[in-house]
Structures are given as structure tokens and as C-alpha cells.
There are 2 protein chains.
Amino acid sequence: PMEIRHLLAQWIESQDWEAASNNEAMATILLQNLLIQVDEQLDRVSQEKNLLLIHNLKRTRKLLQGKYHGNPMHIAVIISNCLREERRILAAASMPVQVMSHISLIYSISFLCHCEHQSNFSLSSPLGKMTDQDVKYLEDLQEEFDFRYKTIQSLEQSDKNSALIKQEMLALQAMLNTLDYKRKEVLSKIGRVIHEIDMLMSNMLTEELLDWKRRQQIACIGGPLHGGLDQLQNCFTLLAESLFQVRRQLEKLDELLTRLTYDGDPIPVQRPQLLEKVNFLLYNLFRNSFVVERQPCMPTHPQRPMVLKTLIQFTVKLRLLIKLPELNYQIRVKCNVLHSNRRFVLCGTHVKAMNMDESANGSLSVEFRHLQPKEMKSSAGSKGNEGPHMVTEELHSISFETQVCLYGLTINLETSSLPVVMISNVSQLPNAWASIIWYNLSTNDPQNLSFFNNPPAATLSQLLEVLSWQFSSYVGRGLNSDNVFCFVF
Amino acid sequence: PMEIRHLLAQWIESQDWEAASNNEAMATILLQNLLIQVDEQLDRVSQEKNLLLIHNLKRTRKLLQGKYHGNPMHIAVIISNCLREERRILAAASMPVQVMSHISLIYSISFLCHCEHQSNFSLSSPLGKMTDQDVKYLEDLQEEFDFRYKTIQSLEQSDKNSALIKQEMLALQAMLNTLDYKRKEVLSKIGRVIHEIDMLMSNMLTEELLDWKRRQQIACIGGPLHGGLDQLQNCFTLLAESLFQVRRQLEKLDELLTRLTYDGDPIPVQRPQLLEKVNFLLYNLFRNSFVVERQPCMPTHPQRPMVLKTLIQFTVKLRLLIKLPELNYQIRVKCNVLHSNRRFVLCGTHVKAMNMDESANGSLSVEFRHLQPKEMKSSAGSKGNEGPHMVTEELHSISFETQVCLYGLTINLETSSLPVVMISNVSQLPNAWASIIWYNLSTNDPQNLSFFNNPPAATLSQLLEVLSWQFSSYVGRGLNSDNVFCFVF
DNA sequence: ACAGTTTCCCGTAAATGC
DNA sequence: TGCATTTACGGGAAACTG
């Protein structure tokens, strides 16, 4: 096996990697060369008993021959399998190879730089608070006016002409003017707060969330760990609190309105549309706040999320980023498999209520623990829409739905996991894992189940990126260099 | 380990085996000696990595210490396990040991002599046939009489006095006498046939069947193979055919009776009790003919019947020894687990119709193939009647019931397997197998589920007997000597 | 604490489907 | 016929349970 390793090492070292990573023709030459070499190796090795070697060579050949949709991620899987197997041997013998170190470093470092940015905003108190005192002031004002007005009304007709009363009437008129002014001011302030929240949500928050989701994808396939959701949760929660506060203020205004109104009163004109806007924002906020915090994963394969085996249990964790105490145990989440060609059901308790704490840092979340997928054979072989040919490239998705009822609002929530691959035997795990890598590397679409109907070609640079991740996820961040290819051959 | 082996070999060779096999005190000494030696061995071996050896030593110690109810069958299991493991090594290296050869030979040969007796009766045609022509004759006679009698009746009154007619009347009278005689004769013949069948059944047939069942028990625990049921089936079938024929004859007599009767007619007096007797015999015959031809067994453990693992499928074959073509596909057998402390249900199709042929030599039988036991946890821990302490000594039984409807008879049949042991993991198989050996060696009761509440002591002779069987069942009948004990230590 | 018992699930082999 | 996929189940380890 030495010849191939050397050949490969030399070839790799002599390349201009800046160019190669964008040059698919060069990648093609590499692959074709490898195919010939691998065939030779396989002939030579076939009488030996090294099953792992033969297995890996066969997989490599299949890959190079263009099976697996030409998905080069299989090579990453082969290599990481070998890494896992030989980790101890590696540690002990520290084989003398240094190819690819700079490549993997370049990619991993460049990616890390890109990924390790911090959330650059935070809110410390509800935005709605700033208008609270205005409303309070308005209420006091109106109450005083009310009292004094009623007092005057209750006087005898004869008394109404006294100078004192006249003066009082003037004062009341002035108060009414102030009140009108204040009403307009409060409404306008509320409008501004709403607008501010809207901006925050549509610009930074959504972007930040998408970013987190992308980082989750990368982390799932072995990339650098991504931060938690606590930052985002704080933000979501504060925004929700603000919106609810504004809603209460608007209700208060309605109450004030029923007690006192007048020509040119701004409340009946502006309040409805403000309320509608608040509700719309709340609705949006809640929809975005319902996320899959930990993607589905078999506990025995923590390094291989999104690959699920039939009749073997898996785990998945949902979280609501709006953490209001009154929602504790109120949100019953239900999960289901979106059926693709094959149809699956989930056995185990698939309805569960979200609750706080549960040993996590008090997040409002729920973890399904003992779900296990079970195939429902469709007696009528309705293989109508022919998807991908291999089951390990058939994408499914687990969807979650729930309903939030709070303060008279009823909001239906729905989200779903990243695509998962259903297998029936661990022997299919490597293939399935390659599919998962390819998907999450190529797209940030959270649910493109027909990805493999027409998959994008994966580039060599992507391959190397993943190799680096897989490598570091098995060997540890510190030991992220040394040759990787040598384990294949 | 050599010391023990030698010690044991010397000890065994120096004994008077004729005496030892009846002398339990001597057996006790042997066991106590062994215990000390085993403990020493275990101390010495404990740092080695020979897991099989340690495992066997531990089991042996437990056994000698009087766990397992003092059941020495565990040693047979240990040894046969080792045999299976080391069969190849044995064949290759042919270890130089010759202890115990004569012992195992003595027991196996003596048993074989006892078992290989032949069924010593056979029937070639229905017993009922011999009376068939009598009934036919009777019918013809009666018909002729009838015709001639009616002819006379139809004549004019004037003609009735002619001499010719008078003569005819006398002839008819004579015929009536013959008829009466024949009726009596037929009834008596039928009675004799019934008696003969009764004798055959209660003496030879039942005994022969019990014998077959006992031989089945022995064969299950590794003893010599026992013959099939074809001999018995022929006998049962012929007896059933005979009885049904007699029944038809009795019906014919009833028909003749309705057409003609007279003072002193024997039919109304004797027929009812004869019919009752026939029905009774048929009922008995059917009940005995419903047998478990192959006891429940996991296909992957053909050498260990009656040990069933939860959620692993097993096979069991039922047979009706009365093979009448009209019963093909008519007998729907249903199976169930008789619940003991733990409660089990059988998953899979547990109702199936008996049919002929099915690649067997045309027997009327049904094989349940994909049954699998599943424990039903009783939420209310009703462990009322405390049975044996270990699950591997808890006996269950699988019962089978069906209904035969034939020629207006309806007969409920029921039978059950020998006791089975339910395990949940293969690791329990050796213990369970020891229980099965002990049971079937000690009793021929087909269903004593409380056997282990107060099990009989097993004798050394029984142990040696079983050892011999286990030995030969793994090594083959030809190679039935050489030391066995040496594999334990 | 502990032993008996069950559950879990990988990995090989065999069966099945296509 | 061959390959893709599923089923079957032993065996080791972990979890459960009285």
C-alpha cells in the first residue's frame, strides 16, 4: 500500500491548492488516477484477510466509479471510519506523514474565523417599558379629569354660574386638550416602539437565527461547535414581552376610550391598526422562535446525527426561544415523519409538553427520548414519484407542530428537523452519513427533500473542508494536522 | 488445570461404577471434593483472560454449592457447551484421554437396548368391514320381504284365500324369522367389534402412545432418536375408520327399523347403547390422536428444544394421528401460553388449519413457524403464588385446542407441549437447558408445571446418562467415548 | 449494594425483494 | 442472476428491579 500513499502525497504536495480548490478538472484527474491505483491495490490485496482494508478499497472504488452520485463525501466517511478505528494506533505510533496538513489547516482556520463571530446585539429590558409611564400618566390625567368633570355635573344648575365653576370649566378644557395631546403622543410612541421591534426582528434577529441554523448544520457534520441559543432566547423573549406589553397598553387605551371620547379622538382611528401590527409581529416572532435545538440523533451514534435506524430509538430536542414562565407545561408538541417514498411512523410518546429547567439552563424545551421509526409497508406499491435510487439518499423529515394560546392569542407553530436518512441496518450507516454530509455542506435549505434528485456536484474544496472537520472531530482540535489519506490505503 | 484433570481421571478409573451409580453418598463426596478443587482453580485462573474457562468454573462452583436446586444437570450443560466450542479442536488434536468411556458406553448402550423396540402390532383393514356384508344381507332380506309382503297386501280380499297365497304367507313368516335372527346376529357382531376395538385402544394403543411420548422426551434432551408416528397413525386411522363404519351400520339399522319393526325386535333395545359406546370410543380416540409431534423449539437452537426466548420466533408441530382425507384443512388449531407467574402471549398467526402432505410424508399436521413469545407485564405485581425463584426454573406450557366436526359428531380437542422455559437473553440458555434436562429426565408427566417447587434429587446415574447423550449428540454416535470431564477443567 | 433479569443494539448472516 | 435492502438473532453491555 505504500506506493499509493507516496504517490498521493507527492501529488498533493505539488499542487497549487488555491487553484485546485476551484478547479474541478484537476479534481477529476485526481479521481481518475486514484481509480486505476485502487483497482491495482484491490487485485493485490484480495487474497489477504484484511477485511477493513478491502472494504474501504471497495467503497473507494465505487465512489470513484461515479456511484453514490459521484458524491466525494464518501471518501470523508471512509477516512473518518478509519480514523475512529485507528485512533489508538495513531496515538501510539504517530505515523510519519505530513501531507495535507496545510490544506486542512487553511480550510478549518478560514472557516473558524468566519464562524466564531459573536452575536452583536443584546437587549436588557422590554422596549415597551418606555411607553408604560406615558400610559400611566394618561390614565391618571383622565381619572382626574373624570372626577372633576363629574363633580361639576353633579352641582345644582344654580351653582353652575359661579366664577369658581367657570374657572374650573376652563381648567377642564385645558385638561382635555392635554389629554388629547397625550393620547396622540402615546399612540405615536407606541407606533415607534412597534416599528423599532419590527426592524429588530426583520433585520438582525432573523438573520442571526438563520446564521445559527447554518452553524448548526455545520456542527452536525463535524464542523466547529456552535454556541447555544441563550443569546437568541433572551432577545426573542424580550421582544415578546415588549410586544405583549404594548398589547396591554393598547387594551388600556381601549378602556380609556370607552370611558371618555370626543371629536377627533385619535384612539379609535389608530388603535386597531397598531393592534393588528402587534399581533402580526407576535405571530411572526413565535413562528421563528420554535426551533429544533438538537437535531434527531441516535444516542449510540452522537457523531452521526440525522441518520435514524428503524426500530432503534433516537432523540430530538425542540425549544421555544420565547421563554415566558406562563408557557411552562402549556405547549404540547407533536411530532411526525413527513413521508417520502417509504412511509414511516414514530413509535413511542410523540406528544410531549415543553417545560423549563429540566437540567438544561432553564430553557423552555422538550426532548423526545424514546422515539423509534417503524416502516409502514404500503401494500399497494405506490412508488409513483421515483425519487433517488438508493434508500440512503432518500431524505425524510420529522415535523413538529404545536399551538400556543396566550392572552387570547392562538398561534399554530410548526417546524421540522433537517432532512434525515432512514436505514434498517448499521451497515448502511456510512452511506447514509455521506448523504447527510453532502446535503448539509451543499445547501442551507432546511428542508429540500428532493436534494438528491439533482444533487449539485461537490467540489474538491468542500471535500477537503469536511475531511478537516471529520479529522478534528475524531482526533481532537489540537491534533488537526498530519496526513489523512494514508489511512485509506 | 492439568492437576485436576489427572486427579479426576484417576479417581474415576479407581471407582466401582456399578456401585457408584446407585450410591448417592459417593456422589456427594465427589461433588465436595470438586468444590474445593474448583475454588483453588478459580483463584489461580482469575488473572488470566480465558473467559470461557472462568465462566465454566464459576458455573461449576455455583452448581456444587447447591445453587440451581442442587441440579447436577448444569454440569452436563457446561460440558456440552465446551464440547460444542471445542469440537474442532477435539477432532484435530484427539486429546489423550480415555476416562469415563466405559461408563458412558454402559449407559448409552443399555438405554438403546431398552428404547429400540418396535411397535408390535399393526392393522391392515378396518375391523368394521367384517360386519358390513351382514348388514348388506339384512337389508336385501328386508327389502325382499317388504316387496312380497306389499304384493300380498295389494291383492283383492277374494284372492287372499287361494292356496298359493297361503303358501306365500308361510314363506313370509319364515323370512321374518330369519330377519329377526339376522338382526340379532348383526347386533351381536357389532357389539363384538366394538369390544375388540375398545380392548385394542385401552391396552396396546394408549400404552404405545405413552411410550412414544416418553421416547420423545428422551430424544429432546439428546437421547437416541425415536421413530416417527406413522405406525401409530395407521393404527389410529384404521380404528377411527372402523368406528365410523360401525356407526354407519348402526344408522342403517335405524333406517331398517323405521321401515319394519315387530314384537321382540332387538334393534330398539340394543342400538342406542351400542351407538353411545361407539361415540365414546371415537371421542377418546380423537383426544388421544392429537399430539405435539415436534416440541416447541427455536430454529437456531435445534439441540435445545423447549427453551424459548422472548421476541425470537420458534416452531412447533401438531399432528392428528387420525388421518382422514375429509379432515384436510378442516381442523383449525389455536395455540396459547398457559400463564405461570409471568404472563406471555404469542405474537404471529396462532390459528392455523391442519393439512396433509406439506412435504412431510402426508401426515395430517400443522406447523406453527413464526410464533414469538412476548411478555405482558402485569402492572399490578400479582406475584401471589411464589413459584421457583429463578425464571429459568419457571415452567410454562403451550396449549393447543381445536374442534373436529365430522359426520355429525363435534369433538373438542386439547393438548399441550412439554413444559417450556422462557428466557429473555441467550445468556440464560444454559440454565434453562439444565432445567429442561432435569425435568424430562426425572418425570414422564407431560405437564407438571410445579416440578421445581419440590424437585426430586437427580442421581449420579442420571447425570452420567445425560452426559453420554449430550456427548454423542455433539460428537456423533460413532465417537461416543473419550473423557468428557477434561473439558471442564 | 447486588444479583437476577431484561432491554438495547451492533454486526454478521441469511432471507427477501426487485 | 446479482445487487439493494431488510430481517433475524447472538452476544456484550447497560439498564432495570426487586
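In what follows, every chain begins at residue 1, and chains take the letters A, B, ... in the order their sequences are listed.
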Test log, rule side chain to side chain contact (heavy atoms under 4.5 Å, CB included), inputs B/Val391 and B/Gln428: CA-CA 9 Å; B/Val391 282; B/Gln428 296 168 311; 3.8 Å; yes
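- When all heavy atoms are compared, the tightest approach of B/Phe400 to B/Ile398 is CE1-O, 3.3 Å.
- Within the structure, every side-chain polar atom (N or O) of A/Arg342 is placed at least 4.0 Å from both OP1 and OP2 of D/dT5.
- For B/Ser427 and D/dG10, the shortest distance from a side-chain N or O to OP1 or OP2 is not below 4.0 Å.
- Going from atom NZ of A/Lys309 over to atom C1' of C/dT12 covers 12 Å, rounded to whole Å.
- For the pair A/His396 and A/Leu449, the minimum side-chain heavy-atom distance is 4.5 Å or more.
- Considering only the side chain of B/Gln428, C/dT6 comes nearest among D/dG10, D/dT6, C/dT6.
- In the helix from C/dC2-D/dG18 to C/dC18-D/dG2, the rotation axis of the first five pairs and that of the last five pairs differ in direction by 30°, rounded to 10 degrees.
- For B/Thr315, there are no side chain to side chain donor-acceptor pair (under 3.5 Å) partners two or more places apart in sequence or in a different chain.
- Take A/Gln313 and apply the side-chain contact (heavy atoms from CB on, under 4.5 Å) test, not counting sequence neighbours, and it matches A/His370, A/Gln372.
- The nearest whole Å value for the distance from the CZ atom in A/Arg369 to the C1' atom in C/dC8 is 16 Å.
- With distances taken from any side-chain atom of B/Lys377 to the nucleotides D/dT6, C/dT7, D/dG10, the minimum falls on C/dT7.
- Distance A/Ile312 CD1 to D/dT7 C1': 13 Å, rounded to the nearest Å.
- When rounded to the nearest whole Å, the span between CE of A/Met390 and C1' of C/dC18 equals 15 Å.
- In summary, the side chains of B/Asn448 and B/Ser450 do present a donor paired with an acceptor at a separation below 3.5 Å, with no hydrogens or angles considered.
- Judged by distance alone with a 3.5 Å cut-off, no donor-acceptor contact links the side chain of B/Asn431 to the base of C/dT5.
- The distance between atom CZ of B/Arg304 and atom C1' of D/dC9, rounded to the nearest whole Å, is 17 Å.
- Looking at which nucleotide of DNA chain C each of A/Val426 and B/Ile423 is closest to, the 5′-most match is held by B/Ile423.
- Annotation: side chain of A/Thr310 is not in contact with side chain of A/Ile423 (no heavy-atom distance under 4.5 Å).
- Straight-line distance from the CZ atom of B/Phe344 to the C1' atom of C/dT6: 11 Å, rounded to whole Å.
- Contact of the A/Val333 side chain with the A/Phe368 side chain is registered, since non-hydrogen atoms from C-beta on lie closer than 4.5 Å.
- Spacing between atom CE of B/Met422 and atom C1' of C/dT5 amounts to 15 Å, rounded to whole angstrom units.
- Out of C/dC10, D/dT6, D/dG10, the shortest distance to the side chain of A/Val391 is found at D/dT6.
- Between the CD atom of B/Glu375 and the C1' atom of C/dT7 there is a distance of 12 Å, given to the nearest Å.
- Candidate nucleotides C/dC9, C/dT7, D/dG10 were compared by shortest atom distance to the side chain of B/Ser424, and C/dT7 ranks first.
- For C/dC8, the OP1/OP2 oxygens have no side-chain nitrogen or oxygen of A/His370 closer than 4.0 Å.
- For C/dG4, the base has no donor-acceptor partner in the side chain of B/Asn425 [N/O atoms by modelled type, under 3.5 angstrom].
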